[in-house]
Amino acid sequence: MTTSKIVEGWVFDVQEEPVGIGVWIIDREGRTRKLLHGFKPYFFLTGNWAAIKTAIQRLERWHAPIYLEQAEKKEFYSDRPVPCLKVSTDSPPAYSKIIRALTTEKERPWDLYTCDIPVTQLFFIETGLFPTAKVGVEIESRNSLISSISITDSPWETDYSLPPLQIMEIDMEGGSGNPAHRPMGRLIVKIDQREMIIDEDPLISLKQIISRYDPHVIVSRWGDSYLIPKLQKLAAQRNESLPFGRESSGEVPKKRGRSYFTYGKIVFTASSHTFKGRWHLDLENSFTVRECGLEGLIELARLSKIPIQRMARTSTGTCISSMQVDRAIKDGYLIPWRKSQVEDFKTAEELLVIDKGGLTYRPVPGFYEQVAEFDFASMYPTLMAKFNLSPETVNCRCCPDASTVPEIGFRICSRREGLIPKTIRPLIEKRKQYKEKVKSAADPILKEIYDRRQSAHKWCLVTCFGYLGYKNARFGKIEAHESTTAWGREMLLRAKEVAEQGGFRFLHGLTDSLWVKKTGAKKEDYLELGKLMEEKTGIPIALEGIYRWISFLPSKQDPRIGVPSRFFGLFDTGKLKVRGLMARRHDTPGFVKKAQEEILAMLTQARDRKEYKEILRTRVQSLIETCMDGLMGGKMNPEELSILKRLSQDPMGYEHGTMTAAVAQELLARGVKLMPGEAIQMVITDASAKDPSLKARALGFFDLPHTYDQGKYREIFLEAIKELDLDGILEGMLRGTPIVDLSGIGLPQDQGPGRQKIRVGPLDR
DNA sequence: AAAGTACGGGG
DNA sequence: GTGTACGTACTTT
């Protein structure tokens, strides 16, 4: 006879077992234990009777027990009921194999649905559990088998309690860049408010620390790509164990690193090293943790029901996609598998009208005072929710006379609410609640937590839109994407018209923001305008702020025209807003960033044009001189000089001998493996050298006798200065210096060999 | 001059 | 486990 017992705590992690799902629970005291749940993953088969019969014959070849059940579900796009067969098994490994076998068979007469959802996620959807859910679990105490679960928590809760987590941090000394790109340094471990630098054997020390503190979370920098595999290799060489996880079997499951294209550029995701019963989070391999912290990560995992360690390594797009799957399953739909859907036919002229994206205007470059900026809050998600924009609602079969999208005339279903609007509506609402809590919370720590959570939501909503346009997305359709941008253009146009009718001058517009001014207008006038714009568009628009001054930068190719999204300005609150300046770029040397930021900080004291110029003439000039002295004296440290570049190619795949190619090849020769999308850091040694290998060196291997290219760095520095210039004040101060061409019509760029030796102008003494 | 290479945005 | 924009700017050939 078995006795039962209740375990109370939080769901910490889940994992696939040979049979069932392992559920890690943390109790109030912080103790971690694993329980077993008998969940049976399932998928659906559709087809005629003969097809199903053949499929069943295939299934009978498997030795794992298989359960069959008749069911009726709805087809997603048509919304029609479909009779189908639910196939389930109690073994997750067998489940994957069966699906692979049934989907790879050529000319199969059956179709599979709901068959490519990760098993752990299917488990969460089916049981209503989610990562960090507060639960009471009834188990048979003899074998830890779960007999029932009560959930006292909800993903929609804004004030939830979390388990007490002991967090350990590991890093390697020697700077912020990738430690694989420099000689090996010592380990740094932080835990329990203590910092330890490991001088002794790293394996022995780590084992001691882990067994003493038993952390729930290991937060690393470069853990996935370097630290963890390096330590494991070391352990393997010595035939020792290294218990990162709480289970010896299947220690550190691993997925290969990969490079992939997204938003027009290649990015690299390092191979993941996750632990069983303990979270490993790599700050350098997790957008969500870096941008929104552990709080944001937990928030997204709770909503998407993606286990924490996977959520950390995946995109916010996957998060929203997962929520859509959850919604669709709950609504009784068959989940389409690996969608391959062609765009509806369009003529060439139609394409021209449709594929326009967001509206961008060209600002007239220059320095303006008393300018207001208005922003539509989460414009695209709001439009998707308001106008029911979703793959299955655009040009649906059921509503031939439905209302249409402006410009492009697509029809939108009036019969059913789309999956996308249904999914994001509560998200928009929850984000709003968090934003209100940020404002009202008295405790600064709580404020910060709410802010990180709302920021995580924001990223989800942003990617949700991008995802709509991806033709192979599970729930995406290009026409839905185009309808969203068409409505967006319409809304920006309406707002612009309202402003102009009110006598405001329209200075600049960018997708969901607009900049306007009217001489003598007060804050109340702008607020009034905002209200009018809201009335005219029907969607929320906020006064982002009133700038004391704002500078729209000119194009470098044609100084008469401005460029969208390169500007900086000072709000009347004293806050700066900076877009597209060199300080915002990853490939700007650190000292240039720092100098530009310092100058901007000085300029926050300027209330108008006159004071701006005065600050340039006085404080900025002396800052430039100091910085130039350090640079030209050859004393600048390599970290400050380093430039970061992301590889777009395999190191040997470059056609041109650029600095990036040369340094990637240098690292390769030193045994560093590099993938497209990975970042490297370099110091420019001689930008004009004929031999590419002399142009620059990898930061990690830059030391004596190398010297940096003072002339080149000077040019870069002066470019950054020029961005902040007004009425040629700084240019005038710097005139007469050789090499430097501030006006764009001065001396030629290349002054022959040895830039370092070139005589420098008055500023450099 | 043309082609190759890389960046930001969003907050 | 997804996402191949778009405009600008610089370098190399």
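Values reported hereafter were calculated over all heavy atoms of this structure, with side chains retained and with hydrogens, waters and symmetry mates removed.
Taking the centre of each ring, A:Tyr113 and A:Phe76 stay at or above the 6.0 Å mark.
The shortest distance between the side-chain N/O atoms of A:Arg579 and the OP1/OP2 oxygens of B:dG10 is below 4.0 Å. Regarding contacts with the backbone of B:dG11, every side-chain N or O of A:Lys577 stays at 4.0 angstrom or more from both OP1 and OP2.
As judged by a 4.0 angstrom heavy-atom cut-off over every strand, A:Ser455 is placed among residues making no nucleic acid contact.
Secondary-structure annotation of DNA chain C gives the stems B:1-8 with C:6-13, with a stem taken as at least 3 successive Watson-Crick or G-U pairs whose two distances both fall under 3.5 Å.
Salt bridge present: A:Glu715 and A:Lys712 bring a charged side-chain N and a carboxylate O closer than 4.0 Å. Ion pairing between A:Arg452 and A:Glu299 fails under the 4.0 Å rule for side-chain N and carboxylate O.
For the segment residues 280-306 of chain A, the set of residues with a heavy atom within less than 4.0 Å of an atom of DNA chain C is empty.
Residues forming a ring pair (Phe, Tyr, Trp, His ring centres under 6.0 Å) with A:Tyr380 (at least two apart in sequence, or on another chain): A:Phe465. Residues satisfying the ring pair (Phe, Tyr, Trp, His ring centres under 6.0 Å) criterion with A:His457, sequence neighbours excluded, are A:Tyr434. Annotation: ring pair (Phe, Tyr, Trp, His ring centres under 6.0 Å) contacts of A:Phe43 (sequence neighbours excluded): none.
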Would you tabulate the nitrogen or oxygen pairs shorter than 3.5 Å linking the protein to nucleotides 8-10 of chain C?
residue: C:dT8; atom: OP1; partner: A:Arg362; partner atom: NH1; Å: 3.2
residue: C:dT8; atom: OP1; partner: A:Arg362; partner atom: NH2; Å: 2.5
residue: C:dA9; atom: OP1; partner: A:Lys556; partner atom: N; Å: 2.8
residue: C:dA9; atom: OP1; partner: A:Arg566; partner atom: NH1; Å: 3.3
residue: C:dA9; atom: OP2; partner: A:Ser555; partner atom: OG; Å: 3.1
residue: C:dA9; atom: OP2; partner: A:Lys556; partner atom: N; Å: 3.4
residue: C:dC10; atom: OP1; partner: A:Lys556; partner atom: NZ; Å: 3.1

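No side-chain N or O of A:Gln665 forms a donor-acceptor pair with one of A:Tyr654 less than 3.5 Å apart.
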